[in-house]
Amino acid sequence: MQRSYKTALYIIGIYTMFTFDARAATIMLLASSIYILYTQGVLKIKYGIYIVMFLAVGYNFYNYLVASDMGGKLLMLSEETLSEDSSTMARLVALDIFFNSSWRDLLCGVQDKEAIFNSYGVIAIENSFIDLTLTYGLITSSSFFILYTKELNNMMIGRLEKKYRYLIIITFILVGMACTALTEYFVWLSFITFFYGFFPYKKQC
């Protein structure tokens, strides 16, 4: 595929992320994009004019987002405090549940998660690792994430350089940790399916 087509599709992808109003995914996408551009040598002084153009477009795009409904949660922090943000508070409640749990509950899991939901006034634990830990115990949840992450890395060996493998895995895990997505097997299967769909070739790394 021509580079111009790839660039256009990537820009469309970034734009689409803002329509989902997914703060964690949007932040990780932007951060990983900057890292990739830097490692690829795009962010250099000799490309200053392109950087200036990018910043100008980014500034106008930001103003557009502020005036629209897109990127709401991502930009909400400049308009209201974290205590008024129910999405952020749901993630903080998950941490409270984890640190307030007994060692027995952490090691063996809890028998009645509904009681925890009622106690904290939530309908779900918005953290995949904590949710699995309270369901199956710390040993099982830790083993689950370690083994799955290891397999994802092995799957990408020979196709991507180490730094990009780690970037993809870290992004996937961090975004997945912000909700209960990684507790579902189809999310991991979707990642594997999309990877083989977009990286059909092998290269020595």
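Numbers here simply count residues along the sequence, with the first being 1. These numbers were taken from a predicted model, which means no experiment stands behind them. Only heavy atoms go into these numbers, but all of them, side chains included; no hydrogens, no water, no symmetry mates.
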Atom [atom1] of [X]: over 12 foreign heavy atoms under 6.0 Å:
X	atom1	result
Ile139	CD1	no
Leu147	CG	yes
Tyr136	OH	no

Measure the spacing between [atom1] of [X] and [atom2] of [Y] and express it to the nearest 0.5 Å.
X	Y	atom1	atom2	answer
Met156	Tyr164	CE	OH	13.5 Å
Ile97	Glu126	CD1	CD	10.0 Å
Thr149	Phe172	OG1	CZ	8.5 Å
Ile123	Asn118	CD1	CG	11.5 Å
Leu167	Lys162	CG	NZ	14.5 Å

Side-chain atoms of residues 183-190: list all donor-acceptor pairs with protein atoms under 3.5 Å, sequence neighbours left out, distances to 0.1 Å.
residue : atom : partner : partner atom : Å
Thr183  : OG1  : Thr180  : O            : 2.5
Trp188  : NE1  : Leu182  : O            : 2.9
Ser190  : OG   : Phe186  : O            : 2.7

ask   = Judged by atom type as modelled, is there a donor-acceptor pair below 3.5 Å linking the side chain of Arg165 to the main-chain atoms of Leu160?
value =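 Side chain of Arg165 to backbone of Leu160: a pair is present.
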
query = So, Ser119 side chain and Ala115 main chain: donor-acceptor pair closer than 3.5 Å or not?
reply =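 No, the answer is negative, given that no donor and acceptor are paired below the 3.5 Å cut-off.
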
Indicate yes or no: at least one non-hydrogen side-chain atom of [X] is less than 4.5 angstrom from one of [Y].
X	Y	result
Met177	Ile173	yes
Val93	Ile125	no
Leu134	Ser101	yes
Asp131	Asn127	no

message = Are Phe99 and Ile130 linked, directly or through intermediate hydrophobic residues, by side-chain heavy-atom contacts shorter than 4.5 Å (ILVMFWY only)?
response =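 Shared cluster, yes.
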
My understanding is that only residues two or more places apart in sequence, or in another chain, count here; which of them pass side chain to side chain contact (heavy atoms under 4.5 Å, CB included) with [X]?
X	answer
Ile192	Leu152, Met155, Tyr196
Asn100	Asp96, Tyr120
Ser142	Phe129, Leu138
Gln111	none

Can you give each donor-acceptor pair under 3.5 Å made by side-chain atoms of residues 102-109, sequence neighbours left out, with the distance rounded to 0.1 Å?
residue : atom : partner : partner atom : Å
Ser102  : OG   : Asp105  : N            : 3.2
Ser102  : OG   : Asp105  : OD2          : 3.3

Can you list everything that forms a side-chain hydrogen bond (donor to acceptor under 3.5 Å, both in side chains) with [X]? Sequence neighbours excluded, please.
X	value
Ser128	none
Lys150	none
Thr140	none

Whether Tyr148 and Phe144 hold their rings parallel, tilted or perpendicular, with breakpoints at 30° and 60° =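 Ring orientation, 0 to 90° scale: tilted.
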
